[in-house]
Amino acid sequence: MRDPPHRLVFLDETYVNTKMTRLHGRSRKGQRLRMSAPFGHWRTHPFVAWRRCN
């Protein structure tokens, strides 16, 4: 860790799996719940993010 802090980059990798999509939901009385879900297309989507001190 000899580099100055303003040169550091923190890297994070995570994922989201579409199987975690809720299949049921709630809405206000008298209103219909409208949402989309990827039925039949279960995939894993990776995310890579980075953060700098400045």
Side-chain angles (χ1 to χ4, degrees):
M1 300 281 303
R2 296 178 185 167
D3 290 333
H6 71 275
R7 293 189 49 106
L8 293 176
V9 176
F10 299 95
L11 182 68
D12 183 30
E13 181 180 4
T14 187
Y15 70 93
V16 172
N17 193 330
T18 56
K19 285 185 180 180
M20 295 188 293
T21 304
R22 292 184 179 195
L23 299 178
H24 303 282
R26 292 193 277 176
S27 65
R28 293 185 181 205
K29 187 174 182 179
Q31 293 182 353
R32 186 178 183 135
L33 177 66
R34 296 180 186 262
M35 297 193 71
S36 62
F39 292 111
H41 300 287
W42 307 119
R43 296 185 179 140
T44 301
H45 299 281
F47 291 101
V48 178
W50 64 90
R51 179 170 282 196
R52 299 179 113 176
C53 290
N54 56 3

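All values reported here derive from a predicted model rather than from experimental measurement.
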Exercise for the section: Report whether Val48 and Val9 are members of the same hydrophobic cluster (ILVMFWY, side-chain heavy atoms less than 4.5 Å apart, transitive linking). Expected result: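 Yes, one cluster joins them.
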Handout entry: Heavy-atom check, side chain of Val16 versus side chain of Phe47, under 4.5 Å
Key =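 Yes, their side chains come closer than 4.5 Å.
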Exercise for the section: Just jot down the side chain to side chain contact (heavy atoms under 4.5 Å, CB included) partners of Thr44, sequence neighbours excluded, or say none. Expected result: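 Thr44: side chain to side chain contact (heavy atoms under 4.5 Å, CB included) contacts with Tyr15, Asn17.
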Exercise for the section: Using side chain to side chain contact (heavy atoms under 4.5 Å, CB included) as the criterion, list what pairs up with Arg34, not counting sequence neighbours. Expected result: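 For Arg34 the side chain to side chain contact (heavy atoms under 4.5 Å, CB included) partners, ignoring immediate neighbours, are Arg32.
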